[in-house]
Amino acid sequence: FSAGAALLFVLFRLLAGAVVRLARAAPRPRNPRVRLGLANIHRPGSPSRSAIFSLGLGLTALVATALVQSDLAALVERDLPEQAPSYFFVDILGHQAEEFDRAVAAVPGVTRVERLPTLRGWITHIAGVPVEQANIAPEVSWAVRGDRFLTYSRRPPEGSRIGAGAWWPEEYVGPPLLSLASDLAAGFGVGVGDTLTVNVLGREITAEIANLRDVEWATLALNFALVFGPGVLEGAPQSHLAAAYAEPGAEEALFRAVTGRFPNVSAVRVKEVLENTSRVIGRIGGVFRAVGAVAVLTGLLVLAGALSADQHRRLRDAIIFKVCGATRRDILTAFGTEFLLLGLAAGAVAALAGTGAAWAVAAGILKTPFSVRPLPVLLTVASGVALTLLLGLLGTARVLRHKPARYLREG
């Protein structure tokens, strides 16, 4: 953050000077009001540099926060599954598995049930190297922090695709085999043929990686990062995990049917988890918008101070314009052109800098895909330009209320 703020500080200082030089080198417009407004930007003592600097920094913060917030909201909407399970049921004992299946199937409105045996274990070695010494990518380091759910299966889990290697035969008998999620394999730096050692109930099992699975975790289907082949874990103490899909009107009946008959089984309602996720993202977005608003408010206060310090010069110019025959409209147009050009210059640069900052946050910190959404950028820049124009014209209107005669007599 400090490095980014320092970079923007230098950037806007340089750009403010560049805008002033461009205004000086620009062709002279035929319209005298526009010509006066353009000349005000590069005249000696102009507050243009301070205005572009202060407003640009504030708008950059607002553009960046607006894009990050909208990107997070879009990420949640994009990754939410179209058909998520209604419930996950945890800690189903082995002797309860078949009775659980019958109880769930008897509930009207239940469309599908997935159930798999589960054990807990933790990875101790990766390709023969202890996990403490292995080179593990940060994004998958969660897999070696403590124990994890794992399972075994004769058939590939639903919703997964074999990306490398091959699935074992249903009646496989032989040394331990393992199916590993491809994202973990990439983070561990292993592939088909390498080994993984897992401690299950105090016993270390070294299994050869037979295949890598491409898993769509966002579907919330029942899936595991580690799936063992048959003949290894069947005899170990275990429980079952189930995912049940039901129509909205049948969810309450499903909950009562399971928890009423199996008091030891815990039910996790997926809809509540998704609602909580959306609520948290909304609150994060609110914080982002508040931070951006504070930055813009600070910039506007600095801008107001710069315009206030320039008030005496504007009063003198307005009196000269009036004496030379300029109307109130002519003076407002000249000053309004100046403020509009300053706001557009600051807004254009802020749009580019804010988009770059948002990309840096998304790609470098949040590790999420980033896409530019023009609407938040345009609305943010347009509001900043409008505020600049309004603030400048309000100060100019005060200047126009003064009568020239008094100042001419004093002169």
Side-chain angles (χ1 to χ4, degrees), residues 75 78-85 88 114-200 203-234 236 238 240-243 363 366-369:
L75 180 67
R78 182 173 63 246
D79 286 351
L80 286 181
E82 294 182 2
Q83 186 180 8
F88 283 111
E114 300 171 359
R115 178 177 55 79
L116 284 173
T118 62
L119 300 92
R120 297 191 73 89
W122 62 90
I123 301 171
T124 60
H125 293 74
I126 299 173
V129 179
V131 292
E132 297 83 4
Q133 304 172 17
N135 186 16
I136 301 172
E139 58 268 21
V140 298
S141 59
W142 57 267
V144 295
R145 290 198 296 263
D147 56 347
R148 298 291 159 195
F149 273 117
L150 50 91
T151 189
Y152 58 90
S153 178
R154 296 183 180 277
R155 292 179 293 276
E158 291 187 32
S160 60
R161 184 179 64 86
I162 304 300
W167 195 263
W168 44 78
E170 288 194 24
E171 302 303 325
Y172 171 79
V173 177
L177 294 180
L178 178 69
S179 175
L180 185 64
S182 56
D183 54 345
L184 257 68
F188 289 167
V190 296
V192 174
D194 291 322
T195 60
L196 220 63
T197 301
V198 183
N199 187 304
V200 181
R203 174 190 171 192
E204 289 198 347
I205 302 172
T206 299
E208 179 184 342
I209 300 174
N211 59 76
L212 305 179
R213 287 172 294 115
D214 298 329
V215 183
E216 291 292 338
W217 299 108
T219 64
L220 297 184
L222 193 58
N223 224 315
F224 293 81
L226 281 71
V227 178
F228 278 86
V232 180
L233 301 175
E234 286 89 335
Q238 58 197 260
H240 289 245
L241 174 67
L366 300 179
K367 308 294 184 183
T368 60

Inset, instruction - May I ask you to decide if Tyr172's main-chain N or O and Arg154's side chain share a donor-acceptor pair within less than 3.5 Å? - result: no
Legend entry - Any donor-acceptor pair under 3.5 Å from Arg148 side chain to Phe224 backbone: no
Inset, instruction - Determine the minimum heavy-atom distance between Ile123 and Ala143, stating which atoms define it. - result: CD1-O, 4.0 Å
Legend entry - Test item: Gln238 side-chain N/O and Glu234 main-chain N/O as donor-acceptor pair under 3.5 Å: yes
Inset, instruction - For the pair Glu114 (side chain) and Pro85 (backbone), establish whether a donor and an acceptor sit closer than 3.5 Å, ignoring hydrogens and angles. - result: no
Inset, instruction - Step by step, work out the side-chain contact (heavy atoms from CB on, under 4.5 Å) result for Glu204 and Val198. - result: CA-CA 6 Å; Glu204 289 198 347; Val198 183; over 6 Å; no
Inset, instruction - Give the minimum heavy-atom separation between Asn223 and Pro157, together with the two atoms involved. - result: OD1-CB, 3.7 Å
Inset, instruction - State the NE2-CG distance between His240 and Leu222, to the nearest 0.5 angstrom. - result: 11.5 Å
Legend entry - Nearest-0.5 Å distance, OG of residue Ser153 to CG of residue Leu233: 11.5 Å
Inset, instruction - Please confirm whether the backbone N or O of Thr151 pairs with a side-chain atom of Thr118, one donor and one acceptor, at under 3.5 Å? - result: no
Inset, instruction - Determine the minimum heavy-atom distance between Ala210 and Val192, stating which atoms define it. - result: O-CG1, 3.7 Å
Legend entry - Pairwise side-chain contact, Leu241 with Leu116, heavy-atom cut-off 4.5 Å (strictly under): no
Inset, instruction - Could you check Val144, Asn135, Asp194 and say which one makes a side-chain contact (heavy atoms from CB on, under 4.5 Å) with Phe188? - result: Val144
Inset, instruction - Hey, could you give me the CZ/OG distance between Phe228 and Ser179, rounded to the nearest 0.5 Å? - result: 10.5 Å
Legend entry - Heavy-atom closest contact (Val190 atom, Ala127 atom, distance): CG1-CB, 4.2 Å
Legend entry - Minimum heavy-atom distance Gly163-Asp214, with the two atoms named: CA-OD2, 3.8 Å
Legend entry - Thr197 side chain to Ile205 backbone, donor-acceptor under 3.5 Å: no
Legend entry - Check: Val131 and Thr124 side chains under 4.5 Å, non-hydrogen atoms: no
Inset, instruction - Please assess Asp183 against Val215 for the test side-chain contact (heavy atoms from CB on, under 4.5 Å), listing each intermediate value before the final yes or no. - result: CA-CA 8 Å; Asp183 54 345; Val215 183; 5.8 Å; no
Legend entry - Spacing of CD1 belonging to Ile209 relative to CD1 belonging to Ile126, to within rounding of 0.5 Å: 9.0 Å
Legend entry - Which atom of Phe88 lies closest to which atom of Ala243, heavy atoms considered: CE2-CB, 3.6 Å
Inset, instruction - Can you measure from CZ (Arg155) to CH2 (Trp167) and round to the nearest 0.5 angstrom? - result: 10.5 Å
Legend entry - From Leu184 atom CG to Glu139 atom CD, the distance as rounded to the nearest 0.5 Å: 10.0 Å
Inset, instruction - Using a 4.5 Å cut-off on heavy atoms from C-beta on, say whether the side chain of Arg213 contacts that of Ile162. - result: yes
Inset, instruction - Taking the side chain as every heavy atom from C-beta outward, state whether Leu196 and Leu226 have any atom pair closer than 4.5 Å. - result: yes
